[in-house]
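A short worksheet on the structure shown next.
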Amino acid sequence: MIRLCDGFVFPPCLFLILLHHLVTLSSVAREEERPVVRVRYAPSPTGTLHIGGARTALFNYLYARRHNGRFILRVEDTDETRQIPGSEALMMAGLKSLGLEWDEGPDMEDNSRYGPYRVSERLVRHRALADQLLASHRAYRCFCSPEQLAIDRKALRAKNLAPRYSGRCRSLTEDEVRARAGERSVVRLIVPQEGMCTVHDVIRGDVEFDNRVFDDFVIMKPDYTPVYNFAVTIDDHDMEITHVIRGEEHLSNTPKQLFVMAALGWDDVPTFAHLPMILAPDKSKISKRHGATAVEEYRDQGILLAALANYLLMLGWSTPDGREILTIDEAAQEFSLERVQHTGAIYDQKKLEWFSHQYMTHLPIAEIARLVRPFIYYRVDEGPSYEAVVSLCRERAYTLVQLADQMAFFYHPPEHYDAKGVAKYFTALTAQRLDCVRNELQGLSHWDREALMQAYDRLSEALGVKRAELIHPTRLSVTGRTVGPGLFELLELLGSAEVLSRLQTTAERIRSGNLVTQD
RNA sequence: GACCCCAUGGUCUAGAGGCCUAGGACAUCACCCUUUCAAGGUGGUAACCCGGGUUCGAAUCCCGGUGGGGUCACCA
């Protein structure tokens with residue numbers, strides 16, 4: 001029993017209930033205070049969607065989904081000179097093709113308090129804050145010419161010192177600044193030159209920087225537009241971004257963003273997560289010379305994009321149980337930043353293709369049939385059932401390009417024959433053998449794989465040859481190839497008229513010496 | 001050069017001091033299956049960067065090397 005005061009005895013169970021209520025109430029309050037997870041992918045519209053960017057977007061997307069948060073697309077178009085027209089649309093198409101739909105972005109009707117979602121359209125805000133920093137002497141005008149700065153940097157390099165701004169214009173008086181008002185100038189932030197700066201990173205832990213390694217960096221260009229590190233900090237704050245998930249190359253610049261926040265008096269520092277980079281086989285930064293890097297290039301190669309997303313997911317993240325094949329939706333159930341790898345990952349085309357093959361064989365037939373359609377370079381309106389052909393061929397294909405190629409003979413008789421196959425399977429007896437096969441098949445009352453198999457058994461016995469000696473020439477004569485689906489399935493699907501016709505054609509070509517081979 | 005990050009087979013990774021004789025996947029090799037090629041099955045080759053500590057015990061913790069990467073723009 002708990003005695004609160006004389007004469008009143010508080011039953012313990014009631015006390016516990018009250019205590020429980022208190023705890024529950026306070027946790028509810030905390031729940032409400034805690035902002036929803038808001039993450040962003042902020043690409044610069046200077047090209048197409050790159051696999052590195054795609055993975056960054058993917059991890060952001062998964063984190064948002066996992067925590068019922070918002071995934072925001074923001075276009076980082078602060079530098080007009082570097083932009084490529086149409087890039088924004090290309091990037092959005094790339095994200096969508098991977099299944100990464102954003103909740104807020106530049107293409108959406110903006111009725112939220114967070115937009116606009118193009119950085120160039122937020123200029124008024126950036127300028128106002130730059131004005132504010134200038135007025136409060138947290139920043140200053142710098143009139144140094146680029147030429148002068150280049151000379152300074154060179155001098156420092158020569159002395160093996162880090163290239164940093166001298167601070168020359170920091171001590172300019174207000175009168176001096178006013179006097180030079182018409183001159184070309186930039187705005188620099190005053191960076192504290194003592195103390196340390198700590199970046200809390202969920203993947204890497206606390207990372208410390210000595211403030212002295214940073215100089216007074218530029219926040220506004222001569223045309224009074226913001227530099228990335230300034231704009232990104234403001235936009236993340238204004239958009240109430242809670243988690244900044246981005247590439248490792250941004251880690252060293254994070255203190256600059258913290259300095260901006262401090263100067264502005266903001267303390268809502270987002271949680272950072274710096275993802276390891278995707279590397280080329282030689283461990284260098286992956287680029288064009290290493291082959292495909294853009295999502296659209298993979299699409300054109302016929303790599304299934306669901307597989308690409310899955311592969312990218314496994315480049316730096318893993319499930320606790322070692323499962324590798326999982327869809328974006330499945331991954332969204334269990335994604336966590338804590339399980340992100342610290343090391344840069346080398347991109348491996350072979351494994352990507354293996355993933356593509358997995359999806360090729362496990363996605364619904366109708367889906368594959370739809371996806372391969374753009375890669376079909378021949379007419380398919382006559383001939384065997386399109387989906388049946390897809391079904392028969394897909395388990396041998398790693399890409400949609402391969403699949404389309406392997407399906408071709410179902411719709412077009414071979415014009416040439418595999419050279420190695422001809423050398424191996426076509427002999428002086430072949431034309432005659434093909435005639436025998438044609439005779440045998442002609443008499444079939446049922447045209448299905450079972451009946452076909454029996455026909456080959458009968459004929460091989462009658463001729464006294466192995467079944468394989470009939471099968472290989474048949475395949476080559478009907479498809480022009482030595483590889484492909486099982487012969488009986490293939491013949492069944494192709495249909496008796498077509499098969500008999502092709503057998504005859506091939507036999508004639510052999511006899512007349514008009515057989516064209518191809519390597 | 002300074003600062004920061006990182007370090008398990010060829011590649012992606014598991015590993016939170018004893019469950020590790022280091023597990024899985026891709027690739028590779030062999031065999032099996034088989035009408036070809038795939039797929040599938042079985043098995044094999046192959047890794048804790050080096051050196052010091054701490055500990056009864058280290059892939060795991062600490063320090064130092066080495067190596068790789070990133071950043072130091074009026075690019076993002």
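Proteins get letters first, then strands, A, B, ... in listed order; numbering begins at 1 in each.
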With [X], which residues qualify under salt bridge (charged side-chain N to carboxylate O under 4.0 Å, His left out), at least two apart?
X	result
A/Arg438	A/Asp435
A/Arg502	A/Glu498
A/Glu183	A/Arg180
A/Glu88	A/Arg118

Which sits closer to the 5' end of RNA chain B, A/Ile203 or A/His357, going by the nucleotide each is nearest to?
-> A/Ile203
Lys/Arg N to Asp/Glu carboxylate O, A/Arg168 vs A/Asp152, below 4.0 Å | yes
Per-nucleotide protein contact along nucleotides 28-35 of chain B, 5' to 3', at a 4.0 Å heavy-atom cut-off (B base, S sugar-phosphate only, - neither), is -------B
Could you write nucleotides 66-76 of chain B as a row of B, S and -, 5' to 3', where a protein heavy atom under 4.0 Å of any base atom gives B, of only sugar-phosphate atoms gives S, and otherwise -?
-> --SSBSSSBBB
In whole angstroms, how far is the [atom2] atom of [N] from the [atom1] atom of [X]?
X	N	atom1	atom2	result
A/His342	B/C12	NE2	P	15 Å
A/Tyr398	B/C37	OH	P	14 Å
A/Trp354	B/A39	CH2	C1'	13 Å

Partner of A/His472 under ring-ring contact (aromatic ring centres under 6.0 Å, His included), chosen from A/Tyr425, A/Phe426, A/Tyr456 = A/Tyr425
With C1' as the reference atom in both, quote the distance from B/U28 to B/A2 in angstrom, rounded to an integer.
-> 43 Å
Can you pull every protein N or O that's under 3.5 Å from an N or O on nucleotides 15-20 of chain B?
unit_1: B/G15; atom_1: OP1; unit_2: A/Arg339; atom_2: NH1; d: 3.2

Axial cation check for A/Tyr165 ring with A/Arg188, 6.0 Å and 45° limits | yes
Would you give me the side-chain donor-acceptor pairs under 3.5 Å for residues 482-496 of chain A, sequence neighbours excluded?
unit_1: A/Glu492; atom_1: OE1; unit_2: A/Arg449; atom_2: NE; d: 3.1
unit_1: A/Glu492; atom_1: OE1; unit_2: A/Arg449; atom_2: NH2; d: 2.9
unit_1: A/Glu492; atom_1: OE2; unit_2: A/Arg449; atom_2: N; d: 3.3

Can you run down the salt bridge (Lys or Arg N to Asp or Glu O under 4.0 Å) pairs that involve residues 451-474 of chain A, sequence neighbours left out, and say none if there aren't any?
-> A/Glu440-A/Arg458, A/Asp457-A/Arg467
Residue pairs meeting salt bridge (Lys or Arg N to Asp or Glu O under 4.0 Å), one or both in residues 211-234 of chain A, sequence neighbours left out, come to A/Arg170-A/Asp216, A/Asp210-A/Arg212
Does any non-hydrogen side-chain atom of A/His250 lie less than 4.5 Å from one of A/Tyr228?
-> yes
Give me the distances for all protein-to-nucleotides 48-50 of chain B N/O pairs that come in under 3.5 Å?
none

Which is true for A/Thr343 with a 4.0 Å heavy-atom rule: it touches a base, it touches only sugar-phosphate, or it touches nothing?
-> sugar-phosphate
Would you kindly check whether a donor in the side chain of A/Lys351 faces an acceptor in the base of B/A25, or vice versa, at under 3.5 angstrom?
-> yes
The side-chain hydrogen bond (donor to acceptor under 3.5 Å, both in side chains) partners of A/Arg74 (sequence neighbours excluded) come to A/Glu76, A/Asp236
